Amino acid sequence: MSVPLAPLIAPSPRSPVALQAVGITKLYGPTVALWRADLAARSGELIALHGPNASGKSTFLRIIAGLSAPSAGQVVWTRAAGAPAPRIAYVGHAGHLYAALSPLENVALTARLARRPLTEGLELLARLGVAEVSATPCGELSAGARRRVALARALVADPDVVLFDEPFASLDAAAAEATAAVLTELRRSGRLVLYTSHDEARTRRLATRHVQLAGGRVISDRPLEPAGAARVAGV
């Protein structure tokens with residue numbers, strides 16, 4: 001029997017968000033990490049960025065998140081007139097959890113700062129399969145468990161956009177399926193979700209678009225039609 005979805009992920013009225021990344025270039029001295037990469041996206045999409053190691057996909061995601069400045073190009077977020085700036089959640093490899101605090105304490109802190117109900121965080125921890133370790137210090141958890149706690153903490157702030165670097169890394173099959181289900185519900189509820197991954201088989205079942213990078217360049221961008229996909233009108 002499936003676990004009921006967290007209220008946080010339920011469909012709710014929100015102004016759609018559009019992303020336009022144009023000519024994104026990132027140089028580290030003589031090393032070209034990204035070269036003139038373009039991406040347009042909008043609410044209701046679940047986009048997978050694929051590529052081998054050092055292809056530029058994680059760098060691209062960090063620039064889109066505003067955590068790294070491009071050497072050239074620009075990232076523009078737009079919404080309907082009068083709508084607030086989009087809330088963007090980024091979950092990276094490190095997770096940046098407070099190691100001495102438990103998953104519950106990490107999520108509770110973010111819920112308080114975001115003025116969100118803690119009940120939603122509790123539901124997310126259960127949904128992602130980490131409720132049983134919710135009182136254990138995060139520094140004692142496995143890498144896969146920390147990754148799921150980091151996602152729960154990001155989502156409790158009710159973001160409009162979720163950026164996730166390798167969401168299925170270090171997860172067993174059950175945890176990966178739980179994470180995929182949450183990402184699908186985020187897309188169905190009108191969020192924009194972008195993630196990096198090496199798992200092309202899962203992407204074919206999950207994502208609405210597949211963006212391939214190689215050598216710091218976007219070499220293909222093609223739509224996919226996962227089961228039950230439902231587009232949300234963008235701006």
Side-chain angles (χ1 to χ4, degrees), residues 1-15 17 43 46 58 61-62 64-68 77 83-172 174-196:
M1 179 180 297
S2 61
V3 178
L5 296 179
L8 174 64
I9 307 176
S12 61
R14 62 180 62 234
S15 175
V17 176
S43 299
L46 204 171
S58 293
L61 201 68
R62 285 182 57 81
I64 290 171
L67 298 175
S68 179
W77 297 95
R87 296 183 298 276
I88 301 170
Y90 170 85
V91 184
H93 285 287
H96 299 292
L97 298 169
Y98 291 99
L101 300 183
S102 68
L104 178 57
E105 290 168 329
N106 271 275
V107 169
L109 177 59
T110 299
R112 179 178 296 181
L113 292 172
R115 299 182 179 180
R116 299 288 300 172
L118 178 57
T119 53
E120 297 176 351
L122 295 173
E123 184 69 25
L124 280 162
L125 291 172
R127 171 79 176 175
L128 290 163
V130 286
E132 69 276 10
V133 295
S134 63
T136 303
C138 286
E140 300 177 15
L141 300 180
S142 67
R146 291 196 303 271
R147 186 167 294 275
R148 286 174 281 159
V149 173
L151 176 58
R153 186 183 65 173
L155 297 186
V156 80
D158 189 30
D160 302 295
V161 180
V162 178
L163 309 175
F164 204 162
D165 201 0
E166 296 288 350
F168 308 112
S170 304
L171 301 187
D172 61 23
E177 286 302 316
T179 299
V182 168
L183 296 183
T184 295
E185 291 304 321
L186 288 167
R187 185 260 300 169
R188 288 176 176 168
S189 68
R191 278 78 167 180
L192 168 61
V193 183
L194 289 90
Y195 74 95
T196 68

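Keep in mind that this is a model prediction, so the values were computed, not measured. Nothing fancy with the numbering, it's 1 onward along the sequence. The figures here come from the full heavy-atom set of this structure, side chains too, leaving out hydrogens, waters and symmetry mates.
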Notebook entry, point to check: Can any side-chain N or O of R153 pair as donor or acceptor with the backbone N or O of G95 at less than 3.5 Å?
Noted result: yes
Item checked: Charged N-O contact under 4.0 Å between R115 and D158 -> no
Next item on the list: Locate the shortest heavy-atom distance separating G190 from S43; write the atom from each residue and the value.
Entry: O-CB, 3.2 Å
Note to self: Please list all pairs meeting ring pair (Phe, Tyr, Trp, His ring centres under 6.0 Å) that have one or both residues in residues 124-171, counting only residues at least two apart or in different chains.
What the structure shows: F168-Y195
Check: From R127 CZ over to L122 CG, what is the distance, rounded to the nearest 0.5 angstrom?
Finding: 15.5 Å
Notebook entry, point to check: Does W77 reach the side chain of D160, with side-chain heavy atoms less than 4.5 Å apart?
Noted result: no
Check: Would you call R191 and V17 a side-chain contact if the rule is heavy atoms closer than 4.5 Å?
Finding: no
Next item on the list: Mark yes or no for whether E185, through its side chain, and V182, through its backbone, hold a donor-acceptor pair below 3.5 Å.
Entry: no
Checklist line | Within-4.5 Å side-chain heavy-atom neighbours: R87 and V161 | finding: no
Next item on the list: Decide yes or no for I88 and L163: does some side-chain heavy atom of the first lie under 4.5 Å from some side-chain heavy atom of the second?
Entry: yes
Next item on the list: Check whether any side-chain heavy atom of L151 sits under 4.5 Å from a side-chain heavy atom of L128, and report yes or no.
Entry: yes
Checklist line | Min side-chain heavy-atom separation L194-L46 under 4.5 Å | finding: no
Notebook entry, point to check: Would you say the side chain of D165 lies within less than 4.5 Å of the side chain of Y90, judging by non-hydrogen atoms?
Noted result: yes
Notebook entry, point to check: S189 side chain to L186 main-chain N or O, any donor-acceptor pair under 3.5 Å?
Noted result: yes
Checklist line | T196 versus P167, closest heavy-atom pair with distance | finding: O-CD, 3.2 Å
Margin query: For the OG1 atom of T110 and the CG atom of L97, what is their distance to the nearest 0.5 Å?
Written below: 9.0 Å
Next item on the list: Could you give me the CA-CA distance, side-chain angles and deciding distance for E120 and R116, then say whether salt bridge (charged side-chain N to carboxylate O under 4.0 Å, His left out) is met?
Entry: CA-CA 8 Å; E120 297 176 351; R116 299 288 300 172; 2.8 Å; yes
Margin query: Which heavy atom of A100 sits nearest to which heavy atom of E105, and what is that distance?
Written below: O-OE1, 4.5 Å
Do any side-chain atoms of residues 132-146 form donor-acceptor pairs under 3.5 angstrom with protein atoms, and if so which ones, sequence neighbours left out?
residue: S134; atom: OG; partner: A131; partner atom: O; Å: 2.9
residue: S142; atom: OG; partner: A145; partner atom: N; Å: 3.1
residue: R146; atom: NH1; partner: L141; partner atom: O; Å: 2.5

Check: Is V107 close to P103 at the side-chain level, that is, under 4.5 Å between some pair of heavy atoms?
Finding: no
